[in-house]
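What follows is one structure encoded as structure tokens, with my remarks underneath.
Since the structure is predicted, the reported quantities are computational estimates derived from the model, not experimental observations. Positions are given from 1 along the sequence.
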Amino acid sequence: MTITRFAPSPNGPLHLGHAYSAMIAHDRAASDSGEFLLRIEDIDGTRSKPELADEFRADLDWLRLPYREVTPQSQRLASYRDAADNLRAMGLIYPCRCTRSQIAAAATRMGPDGPIYPGTCLNRPIVPEPGVVWRLDMEQATDLAGPLDWTDERRGVQQARPEIFGDVVLWRRDAPASYHLAATLDDAADGVSVVTRGADLFAASHVHRLLQALLGLPVPVWHHHRVLVEADGRKLAKRRSAPALADRRRAGEDGRAVVAELRAALFDTGISLAETVDREA
């Protein structure tokens, strides 16, 4: 059975871009008589607001996108720690105390997430105290895993190239697991067979495929859909005050009509679909 998921973070209200992503995931599961899951990714410290998760549920009900809710990330911390411990025991992660400004000053190349970490703390005797992050030793990890590939439903078979990220952070200072580790573990635990998400996260799947190999996790298929962008090419974003679905819901709009327009690719003036977005968006 096809299982997809919508996994929003409760650090701001949902907007039309989220509705589009949820619709894609819901419809992909429905096309195979499968199941559409809701997973709340609520490990972003004080930015995670429980009341927003309630709004998300109301928004999906309003959009008429039926779902089954699974365990939120805040209740999965033990599994993240176990995975990090396994990678540590394999000698594949190391502590790092570099700041963002130090990394930006020392980096010599850019990756999908910005300046690539130059390996400053690799092989240094860093005490693994609170306040350090834990990074994946990408060279060792890729050597151990060997050549990998993964399949995107819209773009076909992809050769995994996680090295384009450099030594990514898997355990953060300000929260538990990074997005890379948590999302990979969660999708496996939830039995997700088709990972649907925006094309802006396409590159992240290279890292996730590597983590699946290292941790012995099942390998899903991916579906990276186009994303809604504004006239300047930047995607709709909570931090730029994209209109909230909750406001439209409370104003009496018909959620079913909103989804029908999304399915027909009918958008407000200045909004369109794009395969790529401004990295700063």
Side-chain angles (χ1 to χ4, degrees), residues 9 11-12 41 43-48 73 80-81 83-85 87-88 90-145 148 158-184 197-211 214 224 227 229-230 232-241 274-281:
S9 299
N11 53 21
E41 299 196 338
I43 56 171
D44 199 11
T46 58
R47 297 180 63 209
S48 294
Q73 285 190 334
Y80 305 153
R81 293 191 189 97
D85 288 343
L87 293 171
R88 189 179 297 110
M90 297 165 69
L92 295 178
I93 62 175
Y94 63 91
C96 169
R97 60 162 60 104
C98 295
T99 65
R100 289 185 180 180
S101 60
Q102 289 171 331
I103 295 170
T108 60
R109 56 197 178 104
M110 300 290 287
D113 286 343
I116 291 181
Y117 181 68
T120 307
C121 292
L122 181 62
N123 298 321
R124 284 190 174 182
I126 306 295
V127 177
E129 58 192 1
V132 303
V133 302
W134 287 83
R135 293 183 178 275
L136 180 67
D137 185 332
M138 188 61 73
E139 183 175 359
Q140 281 204 63
T142 53
D143 284 348
L144 178 62
L148 300 169
Q158 306 289 316
Q159 298 304 309
R161 297 184 296 116
E163 65 277 1
I164 63 177
F165 282 84
D167 291 1
V168 293
V169 172
L170 295 186
W171 200 266
R172 298 163 51 187
R173 288 189 182 91
D174 56 345
S178 71
Y179 169 72
H180 294 303
L181 184 60
T184 301
R197 57 187 175 211
D200 54 318
L201 290 171
F202 186 89
S205 297
H206 292 296
V207 176
H208 299 186
R209 179 65 186 91
L210 173 61
L211 291 175
L214 296 174
H224 293 91
V227 295
V229 298
E230 299 173 349
D232 60 4
R234 298 193 297 173
K235 70 175 181 178
L236 300 182
K238 288 181 281 193
R239 63 179 175 274
R240 290 201 305 279
S241 301
E275 295 286 357
T276 60
V277 298
D278 184 335
R279 188 182 61 80
E280 300 298 328

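Put simply, CZ on R135 and SG on C121 are 8.0 Å apart, with the number rounded to the nearest 0.5 Å. Distance check: D137 CG to M90 CE gives 11.5 Å after rounding to the nearest 0.5 Å. Interatomic distance, H208 NE2 to L181 CG, rounded to the nearest 0.5 Å: 9.0 Å. Between Q140 atom CD and L214 atom CG the span is 11.0 Å, to the nearest 0.5 Å. Note that the CH2 atom of W134 and the CG atom of D167 stand 13.5 Å from one another [nearest 0.5 Å]. One finds the CD atom of E41 at 10.0 Å from the CG atom of N11 (value rounded to the nearest 0.5 Å).
Between the side chain of R97 and the backbone N or O of V132 there is no donor-acceptor pair closer than 3.5 Å.
The closest side-chain donor-acceptor pair between R197 and S205 falls under 3.5 angstrom.
Under the side-chain contact (heavy atoms from CB on, under 4.5 Å) criterion, T108 pairs with no residue, sequence neighbours left out. A search for side-chain contact (heavy atoms from CB on, under 4.5 Å) contacts involving L148 returns A145, A160, R209, L210, A213, not counting sequence neighbours.
Contact between W171 and A84 at its shortest, heavy atoms only, is CE3-CB, 4.0 Å.
Between M138 and I164 the shortest side-chain heavy-atom distance does not fall below 4.5 Å.
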